[in-house]
> 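One structure coming up, written as structure tokens, with questions to follow.
Every chain is numbered from 1, with letters handed out A, B, ... down the list of sequences.
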Amino acid sequence: MTATPVVTRFAPSPTGFLHIGGARTALFNWLYARHTGGRMLLRIEDTDRQRSTEPAVAAILDGLKWLGLDWDGEPVSQFSRLDAHKVVVERLLETGNAYRCYCSREELDAMREKAMAEGRPPRYDGRCRHRDPADAPTGIPPVIRFRSPEDGETVIADRVQGTVTFANKDLDDLIILRSDGTPTYNLSVVVDDHDMGVTHIIRGVDHLTNAARQSQIYVALGWPVPVMAHIPLIHGADGAKLSKRHGALGVEAYREMGYLPQAMRNYLARLGWSHGDDEVFSTEQMIEWFDLDAIGKSAARFDFVKLDNLNGHYMRATPDDELMALLLDTLPHLPGGPAFAGRLDAKARAALRSALPGLKERARTLTELVDAAGFLVATRPLSCDDKALALLGDEARAMLAGLHASLERLATWDAAALEQAVREFAEANELKLGKVAQPLRAALTGRTTSPGIFDVLIVLGRKESLGRIADQARPK
RNA sequence: GCGCCCUUCGUCUAGCGGUCUAGGACAUCGCCCUUUCACGGCGAAAACACGGGUUCGAGUCCCGUAGGGCGUACCA
């Protein structure tokens, strides 16, 4: 392993939160760097001063941290490298690889419209390309365009897309320096990736055309072109572009929905990448197995149902104490979480911890877990949901009165005694256990779903349990 | 419009010319377990977009067609 160490980078633009596609791009960069023993750098592409915001930068860093993705070194602000970019533009100008263009926006718009009308691609026609500098208009701040090759083709050897060929005649002379003197994206990216020593560029296919233009700039500068890997995009559940309802949410929204970082990593990794038939794997395995060659080329749809299933798997697999800590940490972000936390005194906390094994078995997200744990902190008289209410008919209520009497006589309030008492009660009244257990569950939890009923009786304790049964033990 | 890319069960995917009567997972349906729900177990249904080639042989290679995506900015 004496080859050049791999350096990848994640380069989001801080114009909003870290959305799911960006999160997966970050994950792939991270996995590849870790897999190869290399480094992953973070660069904030904030050269668009109009749209970049500080809160967005914070949200992106926070999102990455939540996902468990770390980066090497300090995040680099692309804007801060402005001077380095200008130096390179100057160099391009001196070597004849760039030229000043004085075309106005109106002129460019007209050019585009005309080309479209004539069925030609709307490209810059190069009218300033060969203009004699002596004829340059005065009083107009020019932009600087890259002088791209007019003939031949530009070939991208992409690790995911394969060999992609662009005819150079289709790539026009792009602007690399705006009239206000600031560099544009394609120039900045090349300079930064080069200066930061990036060896592998892993990003969305929406950058494929940029890859061709950037490749030309690398060549003009005499710099080696990094290895490219353009990964497919993620679509919404209906196959259309990601929208708010389809998963184009910030990663923090996934935290709020109660998903575990580990589950997110696993799910995201399986979107576009595969390792045979493996579906559930640890982050360590992911790092060991990850490779660019196993990334597919077609776009994937985001499926919350499968995410739910995976998340449920991880919830059950997480040791109770760990899950408890995770839940407590996440409470501030969960719907109803702060209220729930507010009612979590020492006693309720202990009850939650002891009910956790039964609770996590039935929840797919932390949000569902909090919801299902509501009965632990609820105060009498309980409000029942509709399904629970349906279970509490007059007959059931009368039955509960009898059960209450039986349980009240119990000398010890433990699992064995309770189970025996309930079973005996059912037998004595010629009832199936379910006929007793379900109304009992409804009375104790206000729900039709809960941990095992005897566990519930224990967790709530004698007084609270008898109280809740008594509340429902009379006709309504 | 032009350029590039994509197309295997509803969804994510395995498949890298013969081992494919196409495998796995989620979802769906049925059965079992069971105090409910869930978990778990067993089983079922479910796909190579279409049309031409190439080849002894094509899901796998080539070319069209259709559908979809991305790009086409003094955004990134």
> Paired with B:rG71 by Watson-Crick or G-U wobble geometry, both distances under 3.5 Å: which nucleotide is it?
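Base-paired to B:rC2.
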> Take the protein atom CZ of A:R105 and the nucleotide atom C1' of B:rC74, then report the distance between them rounded to whole Å.
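Atom CZ in A:R105 sits about 5 Å away from atom C1' in B:rC74.
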> Could you measure between the two P atoms, the one in B:rC2 and the one in B:rG10, and give it in whole Å?
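Rounded to whole Å, the distance is 33 Å.
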> Could you give the distance separating B:rA76 and B:rU60 at their C1' atoms, to the nearest angstrom?
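Roughly 38 Å separates the two C1' atoms.
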> Of the nucleotides B:rC26, B:rG40, B:rC74, which one has an atom closest to the side chain of A:S179?
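The nucleotide sitting nearest to the side chain is B:rC74.
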> Base, sugar-phosphate or nothing for A:T165? Non-hydrogen atoms, less than 4.0 Å.
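If one applies the 4.0 Å heavy-atom cut-off, A:T165 turns out to touch the sugar-phosphate alone, with no base involved.
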> Sticking with atom P, work out how far B:rA46 lies from B:rC9, rounded to a whole angstrom.
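Their P atoms lie roughly 14 Å apart.
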> For A:L171 and B:rU72, what is the distance between atoms CG and C1' respectively, to the nearest whole Å?
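For the pair A:L171 CG and B:rU72 C1', the rounded distance is 10 Å.
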> Should A:R423 be listed as having a side-chain N or O under 4.0 Å from OP1 or OP2 of B:rU35?
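Yes, within the criterion.
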> Between A:T448 and A:A294, which is nearer to the 5' end of RNA chain B once each is assigned its nearest nucleotide?
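Checking each residue's closest nucleotide, the 5'-ward one belongs to A:A294.
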> Going by modelled atom types, is there a donor-acceptor pair between the base of B:rG71 and the side chain of A:D206 at under 3.5 Å?
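No.
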> Thinking salt bridges, do A:D193 and A:R9 make one under a 4.0 Å N-O criterion?
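A salt bridge links A:D193 with A:R9.
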> Does a side-chain N or O from A:N186 land closer than 4.0 Å to OP1 or OP2 of B:rA76, or not?
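No, A:N186 has no side-chain N/O under 4.0 Å of OP1/OP2 on B:rA76.
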> Give a yes or no on whether a salt bridge exists between A:E395 and A:R397, defined as a side-chain N under 4.0 angstrom from a carboxylate O.
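Salt bridge: no.
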> Write down the distance between CG (A:L208) and P (B:rG71), rounded to a whole number of angstrom.
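Roughly 11 Å, once rounded to whole Å.
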> Can you tell me the Watson-Crick or wobble partner of B:rC56, both distances under 3.5 angstrom?
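Paired with B:rC56, as far as the under-3.5 Å criterion goes, is B:rG18.
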> Determine which nucleotide pairs with B:rU36, using a 3.5 Å limit on both distances of a Watson-Crick or G-U wobble pair.
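Pair assignment: B:rU36 / none.
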> C1' atom, B:rC32 versus B:rA47: distance in rounded Å?
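Each nucleotide's C1' atom is 29 Å from the other's.
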> Would you kindly check if the NZ (Lys) or CZ (Arg) of A:R24 is within the cone defined by 45 degrees around the ring axis of A:F28 and under 6.0 Å from the six-membered ring centre?
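Yes - A:R24 lies over the ring of A:F28, closer than 6.0 Å to its centre and within 45° of its axis.
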> Both A:G434 and A:Y267 contact RNA chain B. Which one's nearest nucleotide lies toward the 5' end?
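Nearest nucleotide further toward 5': that of A:Y267.
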> B:rC26 C1' sits how many Å from A:N311 CG, rounded?
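Between C1' of B:rC26 and CG of A:N311: 14 Å.
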> Measuring from the side chain of A:A300 (C-beta onward, heavy atoms only), which nucleotide among B:rG71, B:rG40, B:rC12 has the closest atom?
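For A:A300, the side-chain atoms sit closest to B:rC12.
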> Between B:rG24, B:rC74, B:rC4, which nucleotide has the shortest distance from any of its atoms to the side chain of A:K306?
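When the side chain of A:K306 is considered, B:rG24 is the closest of B:rG24, B:rC74, B:rC4.
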> Once you round it to whole Å, what is the distance between C1' of B:rU35 and NZ of A:K435?
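For the pair A:K435 NZ and B:rU35 C1', the rounded distance is 12 Å.
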> Taking the side chain of A:T47 as its heavy atoms from C-beta onward, which of B:rA76, B:rA38, B:rG3 lies nearest to it?
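My answer, after comparing the listed nucleotides, is B:rA76.
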> Let's see if you can work this out: which of B:rA76, B:rC26, B:rG69 has an atom nearest to the side-chain heavy atoms of A:L233?
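For the A:L233 side chain, the nearest candidate turns out to be B:rG69.
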> Considering only side-chain heavy atoms of A:V143, which listed nucleotide, B:rC74, B:rA27, B:rC39, is closest?
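My answer, after comparing the listed nucleotides, is B:rC74.
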> Measuring from the side chain of A:E45 (C-beta onward, heavy atoms only), which nucleotide among B:rA76, B:rA27, B:rU35 has the closest atom?
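Closest of the options to the side chain of A:E45: B:rA76.
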> When the distance from NE2 of A:H235 to P of B:rU13 is rounded to whole Å, what number comes out?
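Rounded to whole Å, this separation is 11 Å.
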> Across the strands shown, which category fits A:Q50 at heavy-atom distances under 4.0 angstrom: base, sugar-phosphate, nothing?
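No contact.
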> Would A:H207 pass as stacked on B:rG71, i.e. its ring centre under 5.5 Å from the base's six-membered ring centre and planes under 30° apart?
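No, aromatic ring not over the base.
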> Under 4.0 angstrom, heavy atoms only, what part of the nucleic acid is A:R51 near: base, sugar-phosphate, or nothing?
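The residue A:R51 makes base contact.
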> Regarding B:rU72, can its base be found pairing with the side chain of A:R123 as donor and acceptor, where the two atoms are less than 3.5 Å apart?
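For A:R123, whose side chain was compared with the base of B:rU72, there is no donor-acceptor pair (under 3.5 Å).
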> Considering only the C1' atoms, how many Å lie between B:rU19 and B:rA58, rounded to the nearest integer?
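Going atom to atom, C1' in each nucleotide, I get 15 Å.
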> Taking the same atom, P, in B:rU65 and in B:rC48, what whole-Å distance lies between them?
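Their P atoms lie roughly 23 Å apart.
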> Hey, does the side chain of A:T184 come within less than 4.0 Å of B:rA76's phosphate (OP1/OP2), counting only N and O?
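No.
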> Looking at every strand, decide which applies to A:G272 at a 4.0 Å heavy-atom threshold: base, sugar-phosphate, or nothing.
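Sugar-phosphate contact only.
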> For A:S13, which contact category applies under a 4.0 Å heavy-atom criterion: base, sugar-phosphate, or nothing?
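Since only primed, P, OP1 and OP2 atoms lie under 4.0 Å of A:S13, the category is sugar-phosphate.
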> Are A:Y314 and A:Y259, when compared by the centres of their aromatic rings, separated by less than 6.0 Å?
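No; A:Y259 has its ring centre 6.0 Å or more from that of A:Y314.
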> Under 4.0 angstrom, heavy atoms only, what part of the nucleic acid is A:S274 near: base, sugar-phosphate, or nothing?
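Counting heavy atoms under 4.0 Å across all strands, the contact made by A:S274 is with sugar-phosphate only.
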> The side chain of A:E361 is closest to which nucleotide in this list: B:rA38, B:rU35, B:rC12?
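Nearest nucleotide to the side chain: B:rA38.
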> Side chain of A:E368, backbone of A:R364: donor and acceptor closer than 3.5 Å?
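Answer holds: yes.
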> Quick check for you: among B:rC74, B:rC5, B:rU35, whose closest atom lies nearest to any side-chain atom of A:V164?
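When the side chain of A:V164 is considered, B:rC5 is the closest of B:rC74, B:rC5, B:rU35.
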> Among B:rU13, B:rC26, B:rC5, which nucleotide has an atom closest to any side-chain atom of A:R270?
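Closest of the options to the side chain of A:R270: B:rU13.
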> Rounded off to whole Å, could you give me the OH-to-P distance for the A:Y314 and B:rA38 pair?
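Answer to the nearest Å: 23 Å.
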> Mind checking who B:rU65 pairs with, Watson-Crick or G-U wobble, both distances under 3.5 Å?
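B:rU65 is paired with B:rA49.
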> Please determine if A:R112 and A:E107 form a salt bridge, counting it only when a charged side-chain N lies under 4.0 Å from a carboxylate O.
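Result for this pair is no, no salt bridge flagged.
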> Would you classify A:N210 as touching base, sugar-phosphate or nothing, given that sugar-phosphate means primed atoms plus P, OP1 and OP2, and contacts are heavy atoms under 4.0 Å?
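Result for A:N210 = base.
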> Could you tell me how far B:rC6 sits from B:rC50 if I compare only their C1' atoms? Round to whole Å.
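These two C1' atoms come out 16 Å apart once rounded.
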> A:D172 pairs by side chain to side chain donor-acceptor pair (under 3.5 Å) with which of A:R145, A:R123, A:R213?
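So, applying the side chain to side chain donor-acceptor pair (under 3.5 Å) to A:D172 and each of A:R145, A:R123, A:R213, only A:R213 qualifies.
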> Over how many whole Å does the gap from A:L444 atom CG to B:rC37 atom P extend?
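Atom CG in A:L444 sits about 18 Å away from atom P in B:rC37.
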> For atom P, what is the distance between B:rU28 and B:rU35, given to the nearest Å?
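Approximately 24 Å lies between the P atom of B:rU28 and that of B:rU35.
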> Any N or O donor-acceptor pair under 3.5 Å from the base of B:rC37 to the side chain of A:R362?
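Such a pair exists between side chain and base.
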> Is the closest basic N to carboxylate O distance between A:R51 and A:D46 below 4.0 Å?
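Looking at A:R51 and A:D46, the cut-off is not met.
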> Any luck finding a side-chain donor-acceptor pair between A:Q78 and A:S188 under 3.5 Å?
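On atom types as modelled, these side chains do not qualify, holding no pair under 3.5 Å.
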> With a 3.5 angstrom cut-off on both distances, give the Watson-Crick or G-U wobble partner of B:rG10, or none if there isn't one.
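For B:rG10, the partner nucleotide comes out as B:rC26, under the 3.5 Å rule.
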> May I ask you to check whether over 12 heavy atoms, not counting those of A:D151, lie within 6.0 Å of atom CG?
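It does not: A:D151 CG has 12 such atoms or fewer within range.
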